[in-house]
Engineer: 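Sharing a structure here in structure tokens format.
Along the sequence shown, residues are numbered consecutively beginning with 1. This one's a predicted model, so the numbers in the text were calculated from it and none came from an experiment.
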Amino acid sequence: MNKLRTAFAATAAAALGLAALATAPAQAAAQPAFLAASQMPPSSTPWTATQVFAGVPENGGVLCASYKIPAQNTRYREFNTELDTNGVQVTTVARTEADAVKLVATLRKALAGCGPLLEKQNPGLDAVSAYHGKINVEEGAWVYSLDTADPQIGISDVHLFSVGRDGRTVTLVRWGQMGDLKDAPLKAFQKTTTTAVNKLWS
């Protein structure tokens with residue numbers, strides 16, 4: 001009887017080991033969720049969303065913050081409407097929570113200084129960055145804007161940015177279109193940001 005019990009225990013342990021191996025890939029594959037097209041700020045034409053890609057946007061989709069985001073453990077999704085309105089969400093899972101805190105600080109500094117940096121890089125361009133406060137969601141989210149105008153060609157653009165964190169996960173959302181800051185849907189973008197952070201691991 002003892003031999004049978006020992007054999008049964010060994011078989012059960014092996015089965016548990018196989019079950020653990022079977023579930024490990026599923027756990028490893030868990031990824032933070034992204035905004036859906038319908039969760040972007042309202043637009044006069046419907047939003048569409050791309051699939052989620054690995055890495056960071058190649059076209060500098062987040063402007064001054066592009067080169068601050070590590071490509072490793074980073075994914076992004078782009079959004080567009082039939083007009084000139086567009087956006088992107090970039091999400092990174094940092095190695096530790098301390099690394100995530102540092103990344104948030106780096107991105108906030110880049111967004112706050114984006115206007116002066118663009119003016120330095122593009123003589124004749126008028127660019128103004130502004131901070132629009134903190135949103136109390138998870139570990140926090142911070143909202144910025146960038147208002148640019150090129151007098152030589154008569155084009156102005158406005159962008160809204162947010163950086164939010166949930167534990168080790170950092171997400172950056174950008175919305176942009178032609179126009180001025182007064183044309184930007186700031187309150188709706190704040191709602192989009194809250195949704196983006198809440199949705200990461202919901």
Engineer: Using distance alone, with no hydrogens and no angle criterion, decide if R95 and N73 have a side-chain donor and acceptor under 3.5 Å apart.
Structural biologist: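 Short answer, no.
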Engineer: For the residue pair W201 and T169, what are the closest heavy atoms and their distance?
Structural biologist: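 Looking at all heavy atoms of both residues, the shortest contact is NE1-OG1, 2.8 Å.
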Engineer: Strictly by ring-ring contact (aromatic ring centres under 6.0 Å, His included), give each pair with a member in residues 74-128 just once, sequence neighbours left out.
Structural biologist: F53-Y76
Engineer: To which residues is F34 joined in a hydrophobic cluster, defined by side-chain heavy-atom contacts under 4.5 Å among Ile, Leu, Val, Met, Phe, Trp and Tyr, whether direct or through other members?
Structural biologist: V52
Engineer: Enumerate, atom names and distances included, each donor-acceptor pair closer than 3.5 Å involving a side-chain atom of residues 102-110, sequence neighbours excluded.
Structural biologist:
residue, atom, partner, partner atom, Å
T106, OG1, K102, O, 3.0
R108, NE, Y144, OH, 2.8
R108, NH2, Y144, OH, 3.2

Engineer: Suppose the criterion is salt bridge (Lys or Arg N to Asp or Glu O under 4.0 Å): which pairs have a residue in residues 71-90, not counting sequence neighbours?
Structural biologist: none
Engineer: Does anything in residues 185-196 pair up under side-chain hydrogen bond (donor to acceptor under 3.5 Å, both in side chains), and if so which pairs, sequence neighbours excluded?
Structural biologist: S162-T193
Engineer: With disulfide bond (SG atoms under 2.5 Å apart) as the rule and sequence neighbours excluded, what pairs involving residues 163-202 come up?
Structural biologist: none
Engineer: Among pairs that include at least one residue of residues 96-202, which meet disulfide bond (SG atoms under 2.5 Å apart), considering only residues two or more places apart or in two chains?
Structural biologist: C64-C114
Engineer: Under 3.5 Å, side-chain donor or acceptor atoms of residues 115-124 against the rest of the protein: list the pairs with distances, not counting sequence neighbours.
Structural biologist:
residue, atom, partner, partner atom, Å
E119, OE2, A127, N, 3.0
N122, ND2, L118, O, 2.9

Engineer: Any salt bridge (Lys or Arg N to Asp or Glu O under 4.0 Å) pairs touching residues 147-170, not counting sequence neighbours?
Structural biologist: E97-R165
Engineer: Not counting sequence neighbours, which residues clear side-chain hydrogen bond (donor to acceptor under 3.5 Å, both in side chains) with T81? List them please.
Structural biologist: none
Engineer: Are a donor atom and an acceptor atom from the side chains of H159 and S145 found within less than 3.5 Å of each other?
Structural biologist: no
Engineer: If every non-hydrogen atom of Q177 is compared with every non-hydrogen atom of T85, which pair is closest and at what distance?
Structural biologist: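 Smallest heavy-atom distance, with atoms named: OE1-OG1, 3.1 Å.
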Engineer: Is a side-chain N or O of S43 found less than 3.5 angstrom from the main chain of T45, in a donor-acceptor match?
Structural biologist: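 Flag set: sc S43 to bb T45 pair under 3.5 Å.
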Engineer: Check whether any side-chain heavy atom of L186 lies under 4.5 Å from a side-chain heavy atom of H132, and answer yes or no.
Structural biologist: yes
Engineer: Could you name each residue pair satisfying disulfide bond (SG atoms under 2.5 Å apart) that touches residues 150-202, not counting sequence neighbours?
Structural biologist: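 Sorted result for residues 150-202: empty, none.
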Engineer: Do any pairs count as a disulfide bond (SG atoms under 2.5 Å apart) and have a residue in residues 128-202, sequence neighbours left out, and if so which ones?
Structural biologist: none
Engineer: Between T48 and N80, is there a donor-acceptor pair closer than 3.5 Å when you use the side chain of the first and the backbone of the second?
Structural biologist: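 Yes: the side chain of T48 pairs with the backbone of N80.
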